[in-house]
Every structure is written in C-alpha cells, then in structure tokens.
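First up is the structure itself, then whatever we jot down about it.
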Amino acid sequence: MRRNRQALWIVLLALLGVGGWTLGQCWLPKAEFAEVIFQSNLIRLQAWEFEAPRSNLIVGSSISGRLLPGYFAGTPLASMDDLGLDGSGPEFGLRMALARSNPPSRIFVEVHHHWPTLVGQ
C-alpha cells in the first residue's frame, strides 16, 4: 500500500472512531464519584458546566458533595445539581451559581461548623 493511501486510511479510521465515540457517549454511564477528591470536584464541576441546568442546587463542602443526584430520584428534588466541593465551602458554589445567566430556582446551602476541641480539659 502506498504512503498516501495508507495516510488516507488512517485519517478516515480516526474520524470514524471519533464519530463513533461521540455518538456512543450519550448511552454510556457517566461517572458520579471518584476516589481522589480532585477528580470528584472535576466531575461535579463538569456536570454543572456542560449538562442542562436543573431547578435545584446544593452547595457546600465535601459533606454535601457525598450526596449523589441519584439519591433524590423519585422525590420532588429529583432535579438536583451538586456543587458540594471537597476542600471548599459554599461561597465558591454560590458564586458559580449566581454567575450563570439562568441560576437555579432553589439553592440549598450546606454549612457545618467544626467545634474546636479544647486541649487539656
């Protein structure tokens, strides 16, 4: 096979592979959680940025980040987005929510307070 023809086949197969992957992604399951907190944050942020906006949003820390949207299936809160980010607080999630042109109609804010332990008592 000549080099020009081989290069053409490579390009055509690559385009076919990319097209197949793009079409197949809508049927593949999406990741909802990860073992590394950085990846967990990326999953939540990408879902917020690239998926259709939902009417409910929860913002907060890693505590609310453990609530998967699937937990609310079959309830009035079934359309829940989650911006509970590890290593962050509700302020960042609120800023992202309010920066959107169409913010959610309900925002639930998770705030926890860590009570300091008194040493020596």
Min side-chain heavy-atom separation Met80-Tyr71 under 4.5 Å: no

Donor-acceptor contact below 3.5 Å, side chain Ser105 vs main chain Ser55: yes

Under 3.5 Å: donor-acceptor pair, side chain of Asp81, backbone of Leu57: no

Side chains of Leu83 and Leu45 in contact at under 4.5 Å (non-hydrogen atoms): yes

Gln46 side chain reached by Glu51 side chain, heavy atoms, under 4.5 Å: no

Heavy-atom side-chain contact between Leu28 and Trp21 under 4.5 Å: yes

Exam field: side chain Glu110 to backbone Ser61, donor-acceptor pair closer than 3.5 Å: yes

Considering all heavy atoms, the nearest Pro103-Ala97 contact: CB-O, 3.5 Å

Gap between atom CG of Leu77 and atom CD1 of Ile58 - 0.5 Å precision: 9.0 Å

Validation row: Leu16, Leu12 side chains within 4.5 angstrom (heavy atoms): no

CZ on Phe72 to CG on Leu67, rounded to 0.5 Å: 5.0 Å

Asp86/Arg66 salt bridge by N-O under 4.0 Å criterion: yes

Distance-minimising heavy-atom pair for Val111 and Pro90: CG2-CG, 4.0 Å

Separation of Leu85 CG from Ile37 CD1 (nearest 0.5 Å): 10.5 Å

Arg54 charged N/C atom sitting above Trp48 aromatic ring, 6.0 Å / 45°: no

